[in-house]
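Everything below concerns the one structure shown next.
Residue numbers start at 1 and run along the sequence shown. From a predicted model like this one, the values you see are computed outputs, not experimental measurements.
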Amino acid sequence: MSSSPAALGKAPRSASDTAGPSAAVMGTYARQDIVFVRGEGCWLTTDTGERYLDFGSGVAVNALGHAHPKLVAALQAQAEKLWHTSNLYRIEGQETVAEKLTRLTFAERVFFCNSGAEACEGAIKVARRYHYVSGRPERQRIIAFRGAFHGRTLATLAAAGNEKYLEGFGPTAGGFDHVDLGDIEAVEAAIGPETAAIMLEPIQGEGGVRSASQDFLKAVRALCDTHGLLLVLDEVQTGMGRTGKFFAHEWVGITPDVMAIAKGFGGGFPVGAVLATAEAAKGMTPGTHGSTFGGNPLGMAVASTVIDIISEPGFLETVRTRTLHLKQGLEGLKDQHAAVIEEVRGAGLLMGLKLRSRVTPAQVVKAAIAEKLLLVGAGDNSVRVLPPLIVSEEDITQGLHALSQALTRVSHEII
Ligand SMILES: *Cc1c(COP(=O)(O)O)cnc(C)c1O
């Protein structure tokens, strides 16, 4: 029996049927035509042996770079023992990681999942359930911010409210009110008898590295306290040392009631978590939430090691030193390439370049690739510069040089 695509009535695999991206992968991404086959530290190697300096960290995921020996060892050791049992049973790794997180943060309870979107969904559920079990079931609405990104599930898309991502996917999940980042009067005006929580990223990553000011975050915390609302922070991108503190809210001196984490948490292994105070999590009783793979032993072995490394004495101090170098370098590039860069933004190793309106993020990303440097585009006409936290001084120097060359290329294009 023939099972050729034609016999099965299928479209050909690709237009040309020559080497190139396979049409068998659903076309949801506008990918660069590069295949990486190895990584070490801040460097990636392609299938043709070319080396790229990774200043994108897989979008803030590879916090400890590629193939960190301790993460490799942790994963291998766990892989030989046990991969999966299920949340029907106690999982040692979850208890270890939850104890570490509660020691190091505001949190007293941790729920494990597999991604940032799942962590944000979980955080939303925790917030609504808290009011429900507190005898205020009408408190279901969540105030969120324009330009936010909380993931691609139906509820997290509704939370961010970005029309572009919601288009064509049916009814938008309800219960979210949107205001502008930084507009505290608008936040206060949006609070009503049905408000359950205020949810935000301390720095909007996908939205273009737009920081909420410390004063704004403090005022939001105060509004939550005054009105009995929960403060939900999405630190999926800003957490795990990315800004030079374990979590970005530590710069402000406030704590949330609920927090979503993922990305750097697994250093490349898919794992996320919802962190909460005992009070905020009081509604999360047996049967209220779950995840088959959440807190899987493999993910926990890696996440535990990531936490250990980031919390080693001196680790975050070094990140802050690297930050100064990177930031100064980027400011210098802004002066040199004022026709391309409008503003340098961000904190720690989550930096952004807001581009002039005649330049696109795709143009800069492409020019950087030509210089063997990886950057990540973002909203608000910007690109992100987010090297692994283990980046060396030499790699920053080299990355800034490559970026300078890339910006020169872009300047020539726009003249
Ligand atoms: C990436 C991101 C998410 C979504 O994470 P996924 O793992 O892609 O689901 C949510 N919130 C923020 C702030 C993010 O940066």
**Salt bridge E343-K334, side-chain N to carboxylate O under 4.0 Å** = no

* Axial cation check for Y132 ring with R139, 6.0 Å and 45° limits -> no

Test item: T102 side-chain N/O and A98 main-chain N/O as donor-acceptor pair under 3.5 Å: yes

Residues at least two apart in sequence or cross-chain that pass ring-ring contact (aromatic ring centres under 6.0 Å, His included) with F111, listed by chain then number, are H289

Distance col, row R242:CZ vs E235:CD, nearest 0.5 angstrom, shows 12.5 Å

Between Q94 and G294 (side chain of the first, backbone of the second, donor and acceptor by atom type, cut-off under 3.5 Å), is there such a pair? yes

**Report entry** Whether S211 side chain and S213 backbone form a donor-acceptor pair below 3.5 Å
**Finding:** no

Check your understanding: Less than 4.0 Å between a side-chain N and a carboxylate O, is that true for K70 and D308?
Key -> no

Could you go step by step and tell me if L223 and I191 meet the side-chain contact (heavy atoms from CB on, under 4.5 Å) rule? CA-CA 9 Å; L223 279 178; I191 298 171; 4.2 Å; yes

Flag, side chain of R128 to backbone of Q140, donor-acceptor distance under 3.5 Å
yes

What verdict does the side-chain contact (heavy atoms from CB on, under 4.5 Å) test give for V306 and M240, after you've listed the backbone C-alpha separation in whole Å, the side-chain angles of each residue and the deciding distance to 0.1 Å? CA-CA 9 Å; V306 171; M240 302 307 293; 3.8 Å; yes

In this structure, SG of C224 is separated from CD1 of I254 (nearest 0.5 Å) by 8.5 Å

Across all chains, not counting sequence neighbours, the side chain to side chain contact (heavy atoms under 4.5 Å, CB included) partners of T397 are H325

Any donor-acceptor pair under 3.5 Å linking the side chain of E118 with the backbone of G122?
-> no

Q: Ignoring hydrogens and angles, tell me if any N or O in the side chain of Q76 forms a donor-acceptor pair with the backbone of E80 under 3.5 Å.
A: no

Taken to the nearest 0.5 Å, the spacing of N381 CG from L353 CG works out to 11.0 Å

Those residues at least two apart in sequence (or on a different chain) that pass salt bridge (Lys or Arg N to Asp or Glu O under 4.0 Å) with R322 are E393

Q. Checking side-chain contact (heavy atoms from CB on, under 4.5 Å) for the pair Q214/W251: CA distance, chi angles, key distance, verdict?
A. CA-CA 8 Å; Q214 297 207 1; W251 288 109; 3.9 Å; yes

Checklist entry - Hey, mind stepping through V97 and S304 against side-chain contact (heavy atoms from CB on, under 4.5 Å) and telling me if it holds? => result CA-CA 5 Å; V97 175; S304 182; 3.7 Å; yes

Checking R221 against F106: charged group under 6.0 Å from the ring centre and within 45 degrees of the axis? no

Give a yes or no on whether the backbone of A402 and the side-chain of E371 come within a donor-acceptor separation of less than 3.5 Å. no

Within the distance-only criterion (no hydrogens, no angle test), does the side chain of D54 pair as donor or acceptor with the backbone N or O of G56 below 3.5 angstrom? yes

Any side-chain heavy-atom pair of V274 and V126 under 4.5 Å: yes

- Counting only N and O atoms by type, is there a donor-acceptor contact under 3.5 Å from the side chain of R109 to the main-chain atoms of A276? no

From the list V385, D380, I203, side chain to side chain contact (heavy atoms under 4.5 Å, CB included) partner of R345 resolves to D380

| message | Using a 3.5 Å distance criterion without hydrogens, assess whether the side chain of H178 forms a donor-acceptor pair with backbone atoms of A159. | response | yes

